[in-house]
Number of protein chains: 2
Amino acid sequence: MPRISDKRERLISAADALIHRQGFYRTTLADIAEEAKVPLGNVYYYFKTKEDICKAVVTERKQSLSNMLKSCCRRSEPMDALMNLIKVMIGHSRELAESGCPLGGLCQELDEECGELMDCADSCMKYLVDWSTEQFRLMGLKQAEELGFEFVSRIQGVILLGNILNDPRRLKQQLKAVAEWITELDPDYREEERAAA
Amino acid sequence: MPRISDKRERLISAADALIHRQGFYRTTLADIAEEAKVPLGNVYYYFKTKEDICKAVVTERKQSLSNMLKSCCRRSEPMDALMNLIKVMIGHSRELAESGCPLGGLCQELDEECGELMDCADSCMKYLVDWSTEQFRLMGLKQAEELGFEFVSRIQGVILLGNILNDPRRLKQQLKAVAEWITELDPDYREEERAAA
DNA sequence: GTCTATATGTTGATAGAC
DNA sequence: GTCTATCAACATATAGAC
């Protein structure tokens, strides 16, 4: 019996996966407990309510998103940062087509009546939009706010439709089209790429 | 007491609104019955299961979508048909920002385990994609399939993000940006518009 | 066709032994 | 900290009077 149990992490991890695959409301505590191999009653030692588990999941996703975005920025020009993000998503195109965007899906499921939890999830999406906007701003583009919104909305739309139509190939192809669109925003980009090669 | 009751229609209408606002799983039969002012037990005279109500809602939405698309096409060139569709959405930007897309939201909520119901909902989205693709094809554009997917995914993304960020103004502005994008696909379009004016 | 009452099953949450 | 047993609330669905 380990002094420091990993049950809490297992529960969050299980909830994360299940909420992604089935959504928050369809996922029961029994589902989570079973997936995490933790007895149902024991769940309440770690989390006061089901909502609390979800909040922990969102917190972890926000951290994970933050790490990903920082990693995209590292040693990269703003446009390349955006491209890096798309590359990451292309790498996950199969899961995205399978279960949609973990962030977008959850945000849509939650509404005002979910209170704090919705704010928590929505703030992740805002974070992504703000980050994207900042990249466009750093690129010196006018209307960076519009572009940031457009960038994220295009990605979200592609994932949503790729999921609904269950078409990872098209999802991937359309993510590339978004990347292509970005390069066209900076006329010099292609020449720079060629020069660097 | 009317010989032909409108209870069935009231139930579908109530379910339609509630599913749009709250989603399918969060909406209970009691909610629907109350909104439709029909006693709970009586619901089962009209629908065998909750799933059946949702199927009726989807069927109605599909019919409504079909009417809308036909109306967009009537007396219009393919590009104008696409523009008409966007105009309709712009007219609904407030509700779309409030509760998201009735079609996209439901499709995302349902997955393989929902069986027939998911197929039903997804077929609506496919229908929209196919219609859009057909417009691009009629415009004589290469890669009409890619464009059809891109068109719908952009609209879905804009609605999703407009809903999450609760920003009807930006939603409207971004729908216009999609319209702008379409016009740029046909270099002659603007001149034609000007000539027609 | 309509409605009340209720069966049946599931879910989130708790109590309390260990 | 852990786990079993169970509660209370709610949801879908049914039975049966009218």
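Just so you know, these numbers come straight off a predicted model, no measurement behind them. Lettering follows sequence order; numbering is per chain, from 1.
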_Any donor-acceptor N/O pair, A:Asp16 side chain to A:Ser13 backbone, under 3.5 Å_ = no
*Send over the distance from B:Phe47 CZ to C:dT2 C1', rounded to a whole Å.*
16 Å
*Does A:Thr49 have a side-chain nitrogen or oxygen under 4.0 Å from the phosphate oxygens OP1 or OP2 of C:dG12?*
no
*Quick one: does NZ or CZ of A:Lys50 land under 6.0 Å from the six-membered ring centre of A:Phe24, within 45 degrees of the ring axis?*
yes
*Would you tell me if any nitrogen or oxygen in the side chain of A:Thr28 comes within less than 4.0 Å of OP1 or OP2 on C:dT10?*
no
_Side-chain N or O of A:Tyr44 closer than 4.0 Å to phosphate OP1/OP2 of C:dA13_ = yes
*Roughly how many Å is it from CG in A:Leu11 to C1' in D:dG1, rounded to a whole number?*
13 Å
_First encountered from the 5' end of DNA chain C, between B:Leu40 and A:Asp31_ = B:Leu40
*To the nearest 0.5 Å, tell me how far B:Gln174 CD sits from B:Arg154 CZ.*
8.0 Å
*asked:* Between B:Asp52 and B:Lys48 (salt bridge meaning N to carboxylate O under 4.0 Å), is one present in this structure?
replied: no
*asked:* In this structure, how many angstroms lie between the P atom of C:dT4 and the CG atom of B:Asn42, rounded?
replied: 9 Å
_Atom-pair distance (CG on A:Leu29; P on D:dA9), nearest Å_ = 18 Å
*Between B:Lys7 and C:dC3, is there a side-chain N or O to OP1/OP2 distance below 4.0 Å?*
yes
*Measure the distance from CG on A:Asp6 to P on D:dG1 and round it to the nearest whole Å.*
13 Å
*Specify the separation, in whole Å, of atom CG of A:Asp52 and atom C1' of C:dG12.*
13 Å
*Answer yes or no on whether B:Lys55 is positioned over the face of B:Phe47, meaning its NZ or CZ is under 6.0 Å from the six-membered ring centre and within 45° of the axis.*
no
*Taking atom C1' of D:dC3 as reference, at what distance in whole Å does atom CD of A:Glu34 sit?*
16 Å
*Indicate whether OP1 or OP2 belonging to D:dT2 is found under 4.0 Å from a side-chain N or O atom of A:Tyr45.*
no
*B:Tyr25 OH to D:dA11 P, straight-line distance once rounded to whole Å*: 16 Å
